[in-house]
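All remarks here apply to the structure that follows.
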Amino acid sequence: MNENSHGHQYIDGVYRVGAGGTFPHVNPATGKEAESIDYASVEDVDDAVQAAAAAFPAWAKLTPGERSEHMLKFAAVLSLNADRLAELETAQTGKTTRMSNEFDVPGTIDNVNFFAGAARQLQGLAAGDYAGNSTSMIRREPLGVIGSIAPWNYPLQMAAWKILPAIAAGNTIVLKPSELTPGTSLLFAEFAAEAGIPKGVINVVVGSGREVGEALVKHPLVKMSSFTGSTAVGRRIMEMASETGKRVHLELGGKAPLVVFKDADVEAAAHGAVAGSTINAGQDCTAATRAYVHSSLFEIFTARVAELMESMVVGDPLDEDTDMGSLISEAHRSKVASMVQGAVDAGATIVAGGCAPELPGYFYRPTLIIGAEQDSEIVQDEVFGPVLVALPFETEDEAIALANDSAFGLAASAWTKDVNLAMRAAAEIEAGCVWINEHIPMASEMPHGGYKSSGFGKDMSTYSFEDYTNVKHVLLSHDTSAHKEWQNTVFRQR
Ligand code: NAD
């Protein structure tokens, strides 16, 4: 995957071939076999963790300013290699080069620049006299080795979201990207080393979740498991982490509602719904999946969404005119198609899409469904494809109840011109992010994370440091007497 490298494991600053076997890799946009990928063995995982543990003391001892300088250089190296990263991101995922060039790569570089600054803003309480004749202060300390596991939908950005807050806070890391998309995570680590980040600070091991992922979570030297992926695997990670009592940070699935109130700008809501449901071919944990639309706007909204969806160009991700690339694999496309078929079998109607174009890769048309029941699979379960279900509502209370009637709580949007209604919706919708008259935009300065079965812990922003640091209370006594007054509670002064 990386022309100048040998093997798909990046351990202690060197590429190596993993001892866990070699597996074929398919380009999802062509369906053709690409190069094969070697997997790590449990011993390779151990080597990576040992390398991260060895690199930890020196990295943790650097001043925030020194770590920040390394990260600024890292951002510069990434900028110089932006085209190469974008090309590889598209080749391994099937997403359009437009997405890779305008969203994934610049978003990642912005994240590195943000955490270079945030590294210098790791704050604790400076000092305060709380316990009488003493001064208390807070030290914020890194945890040690972080074990991170990432999904395939935004491989480069997910690698960045996991690695950056961890190393900015002084930790070292072993990342396991998805076995379907390891290429840009490996390049990311290589470019970090090229920028001068010491070997062993960032290690990447590639392989299946069951073998390599589980070995990483269970490793006793790993102090925290940070995971982005499905809710089912997140629960398994939590279970395994309990064996060694380590901290977990879970960014899990989503099923974002998009609520279109009676006074909304329906044209803007339709555009938001189409962009929000088809971004990254719908393989986005915050994608708009359930549109709840006031009954007075339902017909006009669904007609406009269908029209916009039908106009989208689906196909070759390398073509600048293509709007939507392929899904990640044949297996995943089958899952999407079977959930759409299940909705039709249960009585729903397809208004747009609902089929795969006749192309060699794993494509699926943007799809709008109406007439589904609120408790049906298509409304409740994560499809993770370009599929939007629209349902009508009558009252504000009903809309909020429907939006919250989900196991997930990652993101949501509300569309209205009424600022009071917007603020009520923002307060009442149970999700880690609520957009008003928007759906999707994020910022490195703002936290990303879920409520309910969407997990806990934050990616991006300085809030992520809450997960990647320990907070230590240091108390310095300035009472010079041998027997302190409070000790009388334990034994009287003699
Ligand atoms: P997945 O859960 O199948 O896999 C994610 C990662 O976990 C992969 O690297 C995989 O190899 C690994 N894994 C699988 N089984 C494991 C195990 N038993 N032990 C340890 N690791 C294991 O998810 P996916 O299909 O790669 O990604 C799609 C999912 O990710 C969706 O549910 C999506 O909503 C979610 N996601 C969430 C966010 C977020 O920020 N909340 C962002 C992106 C994707």
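Given the structure is predicted, the values throughout are model-derived calculations rather than measurements. One-based numbering, in listed order, for ligands and for the atoms of each.
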**Stepwise side chain to side chain contact (heavy atoms under 4.5 Å, CB included) check, S406 with R290** = CA-CA 10 Å; S406 167; R290 304 177 283 141; 3.6 Å; yes
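- The pair R424-E428 does not count as a salt bridge, with every side-chain nitrogen at least 4.0 angstrom from each carboxylate oxygen.
- Of all the heavy atoms of Q283, none lies under 4.0 Å from any atom of ligand 1, so neither backbone nor side chain is involved.
- Aromatic rings of F74 and F188 (six-membered ring for Trp) have centroids within the 6.0 Å cut-off, being under it.
- Taking distance alone, with nitrogen or oxygen atoms compared against 3.5 Å, A150 approaches ligand 1 more closely than that limit.
- No N or O atom of D459 sits closer than 3.5 Å to an N or O atom of ligand 1.
- For ligand 1, the polar-atom distance check finds an N/O of L252 within less than 3.5 Å of one of the ligand's N/O atoms.
- Using a cutoff of 4.0 Å between basic side-chain nitrogens and carboxylate oxygens, R84 and E87 are not scored as salt-bridged.
- Nearest protein heavy-atom contact of atom 35 (C) of ligand 1 is G229 O, 3.2 Å.
- The closest donor-acceptor contact from the side chain of E430 to the backbone of K452 lies at 3.5 Å or more, if one exists at all.
- In summary, the side chains of H448 and D459 do not present any donor paired with an acceptor at a separation below 3.5 Å, with no hydrogens or angles considered.
- For a threshold of 3.5 Å applied to N or O pairs, the pair formed by W152 and ligand 1 contains at least one separation below that value.
- Considering backbone and side-chain atoms alike, E214 places an N or O below 3.5 Å from some N or O of ligand 1.
- Ring geometry for H332 versus F384: interplanar angle over 60°, hence perpendicular rather than tilted (30 to 60°).
- At a heavy-atom distance under 4.0 Å, only side-chain atoms of L410, from C-beta outward, approach ligand 1.
- Taking atom 32 (O) of ligand 1 as the reference point, the nearest protein heavy-atom neighbour is E382 OE1, 2.7 Å.
- For ligand 1, the polar-atom distance check against E179 finds a nitrogen or oxygen pair separated by under 3.5 Å.
- With a 4.0 Å cut-off on non-hydrogen atoms, P177 touches ligand 1 through its backbone and not its side chain.
- Heavy-atom proximity to atom 28 (C) of ligand 1, evaluated over F408, F384, Y154, is greatest for F384.
- The existence of a salt bridge linking D38 and R16 is excluded, since no basic side-chain nitrogen approaches an acidic carboxylate oxygen closer than 4.0 Å.
- Using a 4.0 Å cut-off between heavy atoms, L216 makes no contact with ligand 1 at all.
- Using bins of under 30°, 30° to 60° and over 60° for the plane-to-plane angle, the ring pair F115/F465 lands in the perpendicular bin.
- Scanning all protein heavy atoms for the shortest distance to atom 43 (C) of ligand 1 gives N153 ND2, 3.3 Å.
- Using a 4.0 Å cut-off between heavy atoms, A232 makes no contact with ligand 1 at all.
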